[in-house]
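Remarks on the structure that follows.
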Amino acid sequence: MSDRATGSETTHFGFEDIALRDKQGRVNRVFEEVASNYDLMNDLMSAGLHRAWKSSLITELSLPRGARRFRLLDVAGGTGDIALRALKRGGPGVHVTLFDINPAMLDVGRARTKEAGFEKRVEIVEGTAEELPFPEHSFDAVTISFGLRNVPQMDKALAEARRVLAPGGRFFCLEFSTVDVAVFDKIYDTYSFKVIPQIGKHVAGDEDAYRYLVESIRKFPPPDDLAHMMRTAGFERVSYTPYTGGVAALHSGWRL
C-alpha cells in the first residue's frame with residue numbers, strides 16, 4: 001500500500017515495499033551517504049537543470065529587497081541551497097529557518113551559510129517534516145525542494161506546512177514529476193535507470209543510493225494527485241507549473 005493511503009502501515013522505498021516505520025531510517029542512510037556530494041547528485045539527477053528550476057522558485061517567493069521582515073522555512077533544506085539563494089536575493093529582513101531531519105545534511109548547510117556570511121540570518125533546526133516544532137502562523141513562506149518524496153507520510157507533512165504558515169502565506173514544493181512529452185519520456189527513463197546509477201557508482205561511489213533516488217521519483221504522485229493532496233491539507237489556490245517537459249514541477253498553495 002502507498003503512503004498516500006490513510007492509516008497505511010506499509011510504504012515504498014524506491015520500488016520496494018517496506019514497513020512505514022522503517023522508511024525514515026533507510027532514507028536517512030541514503031542522505032548520509034550523499035550529503036557531501038549533494039550538489040553533484042542534483043546535477044546528475046537533473047542534468048544541471050535543477051539550478052534553473054530553483055531560480056524560478058526563488059523568483060516566485062517575491063522576497064522583499066528592503067528591511068521588511070520575511071520569515072522563510074525551508075523544509076528538507078539540508079545543504080542550504082535554497083536558503084542561500086533566498087538570502088542572496090532578498091534584503092536584510094529575510095530570515096531563513098533551515099530544517100532537515102538529517103544531521104549530516106545540516107552540517108553541510110551550516111558550513112555553507114557560515115562561509116557565505118549569513119549565519120546570523122539563518123536558524124538551523126533538526127526534526128521531522130511530519131511534526132514541525134514551530135507554532136502556528138510562524139512563517140511567511142514554506143518551501144521544500146526535492147524532499148517531499150522522501151517523507152514517509154506526505155499528507156502529514158503538507159498539513160504541517162500549512163499549519164505553520166501565516167494567513168496569506170504561500171507554500172512551494174519543487175519536485176521531480178511526470179514527463180509528459182512523447183519520445184522524451186523514453187529517453188528520460190533510459191537516462192534515469194541506466195545512466196544515473198552508473199554515474200553515481202563511478203563519480204560518487206554509491207550506485208544503490210542513486211538507484212533509490214531514481215526509483216523514488218517514479219513513486220511520487222503525479223501533479224494532479226499532489227494538487228489534490230494539497231487541497232485536502234487545506235491549501236487554497238493550488239496550482240503547479242511543469243518544467244522541462246514534466247521532468248520537474250513547481251507546486252504552489254496558499255493559506256488564506
**Message:** Run D224 and Y240 through side chain to side chain contact (heavy atoms under 4.5 Å, CB included) and show every step you take.
**Reply:** CA-CA 9 Å; D224 286 337; Y240 63 86; 2.7 Å; yes

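- For the side chain to side chain contact (heavy atoms under 4.5 Å, CB included) with M230, the qualifying choice from D155, D225, V238 is V238, the only one to do so.
- Counting only heavy atoms from C-beta outward, the side chains of V151 and I101 never approach each other to under 4.5 Å.
- Rounding to the nearest 0.5 angstrom, the gap separating the CG atom in L98 from the CG atom in D74 is 6.0 Å.
- The structure places CD of E60 at 13.0 Å from OG1 of T143, a figure rounded to the nearest 0.5 Å.
- P221 and M229 make their closest contact through CG-SD, 4.0 Å (heavy atoms, listed as atom of the first residue, atom of the second, distance).
- Classified by interplanar angle (parallel below 30°, tilted 30° to 60°, perpendicular above 60°), the ring pair H50/F146 is perpendicular.
- We find the CG-CD1 distance between L72 and I82 to be 9.0 Å, quoted to the nearest 0.5 Å.
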**Request:** Quick one: do D81 and R112 satisfy side chain to side chain contact (heavy atoms under 4.5 Å, CB included)? Show the steps, please.
**Result:** CA-CA 9 Å; D81 196 12; R112 292 183 67 191; 4.2 Å; yes

**Message:** Let's go through E131 and Q153 carefully: what are the C-alpha distance in whole Å and the side-chain angles of both, what is the deciding distance for side chain to side chain contact (heavy atoms under 4.5 Å, CB included) to 0.1 Å, and is it a yes or a no?
**Reply:** CA-CA 10 Å; E131 296 180 5; Q153 300 177 85; over 6 Å; no

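- Hydrophobic clustering, with ILVMFWY side chains joined whenever heavy atoms are under 4.5 angstrom apart, keeps F139 apart from W254.
- The heavy-atom pair separating P92 from G66 by the smallest distance is CD-O, 3.3 Å.
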**Request:** Apply side chain to side chain contact (heavy atoms under 4.5 Å, CB included) to the pair E175 and I144, showing each step before the final yes or no.
**Result:** CA-CA 8 Å; E175 188 54 87; I144 182 167; over 6 Å; no

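- Side-chain contact check for S138 and R71: no donor-acceptor pair (N or O, by modelled atom type) lies under 3.5 Å.
- Heavy-atom contacts from other residues, nucleotides or ligands closer than 6.0 Å to CD of E119 number more than 12.
- Salt bridge R110/D107: present, at least one basic N to carboxylate O contact under 4.0 Å.
- Hydrophobic cluster membership is shared by Y243 and V181, with clusters built from Ile, Leu, Val, Met, Phe, Trp and Tyr side chains linked at under 4.5 angstrom.
- Of the N and O atoms on the side chains of W53 and T244, at least one donor lies less than 3.5 Å from an acceptor on the other residue.
- The closest donor-acceptor contact from the side chain of E160 to the backbone of L132 lies under 3.5 Å.
- Follow the hydrophobic side-chain contacts under 4.5 Å out from Y188 and you reach V195 in the same cluster.
- Listed here is the closest heavy atom pair of L158 and F235: O-CE1, 3.4 Å.
- Put simply, the side chain of D189 never gets that close to the backbone of I187: no donor and acceptor are under 3.5 Å apart.
- Ion pair E215/R218 not flagged as a salt bridge, since none of the NZ, NE, NH1 or NH2 atoms sits closer than 4.0 Å to an Asp/Glu carboxylate oxygen.
- F176 and R149 make their closest contact through CD1-NH1, 3.7 Å (heavy atoms, listed as atom of the first residue, atom of the second, distance).
- Of all non-hydrogen atoms in V94 and A86, the two that sit nearest each other are CG1-O, 4.4 Å.
- Considering all non-hydrogen atoms of both residues, F118 and K88 come closest at CE1-CG, 3.8 Å.
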